[in-house]
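For reference, the structure is listed below as structure tokens.
Not measured: the values here are computed from a predicted model.
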Amino acid sequence: MANTYVNAKVDLTTTNVTTLYTCAASTTAIVKSIIVSEDSGNADTITLTITNGSDVFSLFKTKAVSANNTLELLSAPLVVQAEEILKVT
């Protein structure tokens, strides 16, 4: 099976939960990097979760991001199983 590379991006303009990536059925994804950037000029926080059915797991809970700063959230690749969903708030 061939590798498929995806570059997913979202611009968080509200405090609503936003889906960043949904792993397709019968697929395993390896997320190599999650970069967040605060571009409003105000310090903020971000929450990153992975959802599997009704189970929700916090990867980062209210992670602080300084004003006009960029952070790399992952220090190692993240394996996402079939139909799991990465969400940000």
Side-chain angles (χ1 to χ4, degrees):
M1 175 181 276
N3 293 331
T4 302
Y5 296 91
V6 176
N7 186 345
K9 300 177 203 70
V10 294
D11 187 6
L12 302 176
T13 57
T14 71
T15 58
N16 297 336
V17 175
T18 304
T19 297
L20 174 61
Y21 177 75
T22 302
C23 190
S26 302
T27 303
T28 299
I30 299 172
V31 179
K32 294 182 74 175
S33 178
I34 298 177
I35 298 173
V36 295
S37 179
E38 196 298 308
D39 61 358
S40 70
N42 299 303
D44 215 334
T45 61
I46 189 165
T47 296
L48 179 68
T49 60
I50 190 164
T51 304
N52 185 343
S54 61
D55 297 327
V56 178
F57 304 95
S58 290
L59 299 175
F60 291 92
K61 181 91 171 148
T62 59
K63 174 75 172 168
V65 183
S66 302
N68 301 313
N69 195 17
T70 300
L71 294 176
E72 168 59 65
L73 295 180
L74 298 181
S75 58
L78 172 67
V79 176
V80 182
Q81 301 293 330
E83 301 180 18
E84 290 182 333
I85 304 170
L86 284 174
K87 297 181 180 183
V88 293
T89 308

- Query: Are side-chain N/O atoms of E38 and S66 paired as donor and acceptor at under 3.5 Å?
  - Reply: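 No donor-acceptor contact under 3.5 Å links the two side chains.
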
- Query: If you group Ile, Leu, Val, Met, Phe, Trp and Tyr by side-chain heavy-atom gaps below 4.5 Å, do V17 and L20 land in one group?
  - Reply: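 Shared cluster, no.
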
- hydrophobic_cluster_shared for V10 and L71, side chain cutoff 4.5 Å: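 They do share one cluster, since a chain of ILVMFWY contacts under 4.5 Å joins L71 to V10.
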
Please round to the nearest 0.5 Å and tell me the distance separating atom [atom1] of [X] and atom [atom2] of [Y].
X   : Y   : atom1 : atom2 : value
C23 : Q81 : SG    : CD    : 7.5 Å
S33 : L73 : OG    : CG    : 8.5 Å
I85 : E83 : CD1   : CD    : 8.5 Å
E72 : I35 : CD    : CD1   : 5.0 Å
T89 : N16 : OG1   : CG    : 8.5 Å

- Taking every non-hydrogen atom, the tightest pair across V31 and L74: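 Of all heavy-atom pairs spanning V31 and L74, the closest is O-CD1, 3.6 Å.
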
- Task: Indicate the atoms forming the closest heavy-atom contact of S26 with A82, along with that distance.
- Result: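 Closest approach of S26 to A82, heavy atoms only: N-CB, 3.6 Å.
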
- Message: Is it true that, when you exclude I30 itself, more than 12 heavy atoms of the residues, nucleotides or ligands shown sit nearer than 6.0 Å to its CD1?
- Response: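 12 or below, so no.
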
Using atom types as modelled, flag every donor-acceptor pair under 3.5 Å from a side chain in residues 41-60 to any protein atom, sequence neighbours excluded.
from	atom 1	to	atom 2	distance (Å)
T47	OG1	T62	N	3.1
N52	ND2	E84	OE2	3.2

- Item | Side-chain heavy atoms of L78 within contact of L86, under 4.5 Å |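 Heavy-atom side-chain distance check passes, below 4.5 Å.
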
